[in-house]
Amino acid sequence: MSAPARRPVTVLGLGAMGRALAGALVAAGHPTTVWNRSPGRAAALTAAGATEAGTAAEAVAAGDLVVVCLLDDEVTRQVLAPVAPVLAGRTLVNLTNGTPEQARRLAEWATSHGADHLDGGIMAVPAMIGQPGALILYSGPEEAFRAGRETLAAFGAAHWLGADPGAASLHDLALLAAMYGMFGGYLHAVAMIRAAGVPATGFTPLATDWLTAMLGALPALARGVDSGDHAADGSAVGMQAAAFGNLLAASREVGVSTSLLEPVRRLLDDAVRAGHGEDGLSALVDLLRQA
Ligand code: FVH
């Protein structure tokens, strides 16, 4: 018995990520049609079996599932506008980075043209696509997600976050906020260490072990945030606010800018002034929400 035919899929946008997505679809055996504004980016894909379309509308007409991975929301709207007449009956899967409101507006637009819409947040870099560590967050109609799930699995694990089209973007951006906080802290630490002549490669195993240990604190922090019980676990906000000044002073002493860390100091000081000196860090979340 022959294997069931794979759904035809279209990919609009062949930047670093679009090429990785299209490559994963081809590798999974999907008839894959690709389009990109600038020519010359589809060569490896067509050599592997993809079809390059001359216009975005031709590409969309060839696919049952239409994956969009462009620079930003503005570009996505520009590329999709002329495609509206051929959208009906298809599922638009927008993996372009954008805000929850942009995702909701695009969903409304796609639905008004007879298409289903799923919005996605890619929690991976291009080299991870199709590999075990890749995770893609989706939101939009559950039926559309279920129908597309097998195809979308070519990219990596597919996690549905609910019917609100903005949910995937919200989670994606929140996760990126956590990531940039970590990278910002690490870059500051390395700048301090390098100023003392210590190579980043020598310091990084210490940083990795320390950050890994601190990650273990997150579930308890989350419980405090949700319950409103901010009891400190031995590391009260007041103590942390007092010690934080040393971090800034030591940075200045070695000529490292404190601009990445100043907002954290302000938050700790605000928390102490608001009476949270004896609490744990979970008390700070509400202060951020009021800002
Ligand atoms: N690459 C990554 O690590 C991250 C991982 C998480 C998700 N992001 C988001 O994915 C979107 C695409 O990212 P990308 O890495 O593919 O980005 P580029 O390589 O810069 O490709 C951009 C594509 O957009 C096309 N494009 C730009 N401007 C226009 C326009 N005015 N009209 C039509 N297309 C346009 C560009 O085409 P071209 O320059 O080759 O003609 C590329 O196809 C993005 O939202 C990330 O945040 C990636």
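Start at 1 and go down the list; that is how both ligands and their atoms are numbered. When a residue number appears, it is its place in the shown sequence, counting from 1.
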Open item on the list: Looking at T10 and A59, would you say the former's side chain and the latter's main chain have a donor-acceptor pair under 3.5 Å?
Closed with: yes
TODO: Can you pull out the closest protein heavy atom to atom 26 (N) of ligand 1? Residue, atom name and distance to 0.1 Å, please.
DONE: V75 CG1, 4.0 Å
- [ ] Do me a favour and list the nearest non-hydrogen protein atom to atom 13 (O) of ligand 1 with residue, atom name and distance?
- [x] M17 CB, 4.0 Å
- [ ] Give a yes/no verdict on whether any heavy atom in A124 is under 4.0 Å from an atom of ligand 1.
- [x] yes
- [ ] Decide whether an N or O pair under 3.5 Å exists between R37 and ligand 1.
- [x] yes
Task: Within-cutoff protein neighbour (heavy atom, under 4.0 Å) for atom 8 (N) of ligand 1 - done: no
- [ ] Please name the pair of heavy atoms, one in P31 and one in R6, separated by the smallest distance, quoted to 0.1 Å.
- [x] CD-O, 3.5 Å
Task: Candidate with minimal heavy-atom separation from atom 43 (O) of ligand 1, of V68, D72, N36 - done: N36
Open item on the list: Can you tell me how the ring of F145 sits relative to the ring of Y138, calling it parallel under 30°, perpendicular over 60° and tilted otherwise?
Closed with: tilted
TODO: Record the part of M123 in heavy-atom contact with ligand 1 below 4.0 Å; permitted values are side chain, backbone, both and neither.
DONE: neither
Open item on the list: Counting neighbours of CD on E262 that are heavy atoms of other residues, nucleotides or ligands and sit closer than 6.0 Å, is the number greater than 12?
Closed with: yes
Task: Lys/Arg-Asp/Glu bridge criterion (N-O < 4.0 Å) met for E101, R104 - done: yes
- [ ] Return yes if a side-chain donor-acceptor contact under 3.5 Å exists between H188 and S251, otherwise no.
- [x] yes
Open item on the list: Between ligand 1 and P126, is the shortest N or O to N or O distance under 3.5 Å?
Closed with: no
Open item on the list: Taking 4.0 angstrom as the limit and counting only heavy atoms of L70, give me the atoms of ligand 1 inside it, by number and element.
Closed with: 11 (C), 12 (C), 24 (O), 25 (C), 34 (N), 44 (C), 45 (O)
- [ ] Can you pull out the closest protein heavy atom to atom 20 (O) of ligand 1? Residue, atom name and distance to 0.1 Å, please.
- [x] L71 CD1, 4.1 Å
- [ ] Check whether the side chains of S38 and N36 place a donor and an acceptor atom closer than 3.5 Å, and report yes or no.
- [x] no
Open item on the list: Could you check whether any side-chain N or O of D209 sits under 3.5 Å from a backbone N or O of L211, counting only pairs where one atom can act as donor and the other as acceptor?
Closed with: no
TODO: Can you pull out the closest protein heavy atom to atom 18 (P) of ligand 1? Residue, atom name and distance to 0.1 Å, please.
DONE: G15 CA, 4.0 Å
Open item on the list: Protein heavy atoms near atom 24 (O) of ligand 1, is at least one of them under 4.0 angstrom away?
Closed with: yes
TODO: Of the side chain and backbone of R41, name the one, both, or neither that has a heavy atom under 4.0 Å from an atom of ligand 1.
DONE: side chain
- [ ] Check each heavy atom of L14 against ligand 1 and say whether those closer than 4.0 Å belong to the side chain, the backbone, both or neither.
- [x] backbone
Task: T99 side-chain N/O to Q102 backbone N/O, donor-acceptor pair under 3.5 Å - done: yes
